[in-house]
Amino acid sequence: MVVDFVQEWYAETTDALKLDRERFIGIGLAIPDDIGTIALPKMPEAYGVWATTNVSHLLQDGLGLPVLRDNDAAAAAIGEAQFGNGRQFTDFFYVLISAGLGGAVVVDNEYVRGGNGRAGELGLLPAGLQPSRRADRPGLRVLVRTQT
């Protein structure tokens with residue numbers, strides 16, 4: 001089970017690094033928004049259980065710490081903006097490639113959630129998309145649907 005794995009990893013890691021667990025104030029959880037609700041290629045039938053599983057609550061109960069959950073692409077972009085190559089740029093679009101395709105927008109060094117919390121969401125790319133350049137935004141790589 002996921003919680004057992006995380007509990008074991010947490011205990012082993014904090015012990016190995018001689019970290020005082022009393023100093024931890026919470027756990028960050030980066031997870032796709034629609035996990036278990038979108039049919040992925042070769043997805044095991046049991047994968048759908050993620051759609052009804054509140055991982056945040058399971059981890060909070062298992063570790064005894066508050067859990068802050070965010071979209072995986074958003075969390076990656078925030079980390080990149082604060083600690084990675086994103087520190088070189090005030091504005092960028094982050095692309096996360098995993099089982100699906102996620103995206104996140106950073107403007108003026110701030111993550112942009114948008115009106116519905118999904119400003120940079122790409123989701124799964126359907127067949128028939130090809131890379132293209134838009135003349136009005138040099139250097140910005142975008143995806144456009146081709147007509148076939």
Side-chain angles (χ1 to χ4, degrees), residues 1-10 12-14 16-17 19 24-63 65-148:
M1 181 172 198
V2 172
V3 174
D4 295 332
F5 173 81
V6 173
Q7 284 177 312
E8 185 177 318
W9 173 87
Y10 179 70
E12 289 174 2
T13 302
T14 53
L17 296 174
L19 299 174
F24 283 75
I25 60 170
I27 301 290
L29 173 63
I31 190 167
D33 286 334
D34 297 320
I35 189 166
T37 62
I38 296 174
L40 299 171
K42 299 180 183 178
M43 182 176 81
E45 190 174 312
Y47 194 75
V49 72
W50 289 109
T52 58
T53 302
N54 190 327
V55 181
S56 298
H57 285 138
L58 291 176
L59 289 176
Q60 185 168 320
D61 292 345
L63 296 172
L65 291 167
V67 174
L68 178 62
R69 178 190 189 279
D70 208 335
N71 172 273
D72 54 347
I78 292 167
E80 195 68 37
Q82 293 179 353
F83 304 107
N85 288 329
R87 291 179 299 164
Q88 302 173 57
F89 308 101
T90 57
D91 307 318
F92 64 90
F93 184 78
Y94 189 91
V95 177
L96 177 68
I97 301 172
S98 60
L101 187 63
V105 178
V106 174
V107 176
D108 292 330
N109 295 314
E110 296 288 331
Y111 170 64
V112 178
R113 290 200 183 276
N116 63 4
R118 299 173 80 102
E121 188 65 32
L122 295 173
L124 300 174
L125 283 180
L129 291 180
Q130 295 182 351
S132 176
R133 294 259 183 206
R134 285 186 40 186
D136 61 331
R137 301 286 299 267
L140 178 63
R141 194 103 169 129
V142 297
L143 295 171
V144 295
R145 184 180 302 273
T146 59
Q147 301 297 318
T148 55

Which atom names give the shortest non-hydrogen contact between Phe89 and Asn109, and what distance separates them?
O-OD1, 3.2 Å
Can you tell me how far the CG atom of Leu96 sits from the CG atom of Leu101, to the nearest 0.5 Å?
8.0 Å
For a side-chain contact (heavy atoms from CB on, under 4.5 Å) check, start with the C-alpha distance between Val3 and Leu59, then their side-chain angles and the critical distance, and finish with the verdict.
CA-CA 6 Å; Val3 174; Leu59 289 176; 4.3 Å; yes
Would you say Thr52's side chain and Val49's backbone share a donor-acceptor pair under 3.5 angstrom?
yes
Here's a test for you: under side chain to side chain contact (heavy atoms under 4.5 Å, CB included), which of Val67, Ile31, Asp61 qualifies with Ser56?
Val67
Grab the two heavy atoms, one from Ala73 and one from Gly102, that are nearest each other, plus how far apart they are.
CB-C, 3.8 Å
Nearest atoms (heavy-atom pairs only) where Asp72 meets Pro32
OD2-CG, 3.4 Å
Does Ile97 reach the side chain of Val95, with side-chain heavy atoms less than 4.5 Å apart?
yes
Side chain proximity check, Glu80 to Val106, heavy atoms < 4.5 angstrom
no
Side chains of Ile78 and Tyr94: closer than 4.5 Å at any heavy-atom pair?
no
Quick check: does any side chain N or O of Asp108 sit under 3.5 Å from a backbone N or O of Glu110, one acting as donor and the other as acceptor?
no
Over all atoms of both residues, closest heavy-atom pair of Ala104 and Tyr111
CB-CE1, 3.6 Å
Give me the atom names and distance for the closest heavy-atom approach of Arg113 to Asp70.
NH2-OD2, 2.7 Å
Atom CG of residue position Leu17 - does it have more than 12 heavy atoms of other residues, nucleotides or ligands inside 6.0 Å?
yes
Side chains of Arg69 and Ile27 in contact at under 4.5 Å (non-hydrogen atoms)
no
Could you tell me the separation between the CG atom of Leu63 and the OH atom of Tyr10, rounded to the nearest 0.5 Å?
6.5 Å
Which heavy atom in Arg87 sits nearest to a heavy atom in Gln82, and how many Å separate them?
CD-O, 3.2 Å
With the side chain counted from C-beta on, respond yes when Asn85 and Phe92 share a heavy-atom pair under 4.5 Å apart, and no when they do not.
no
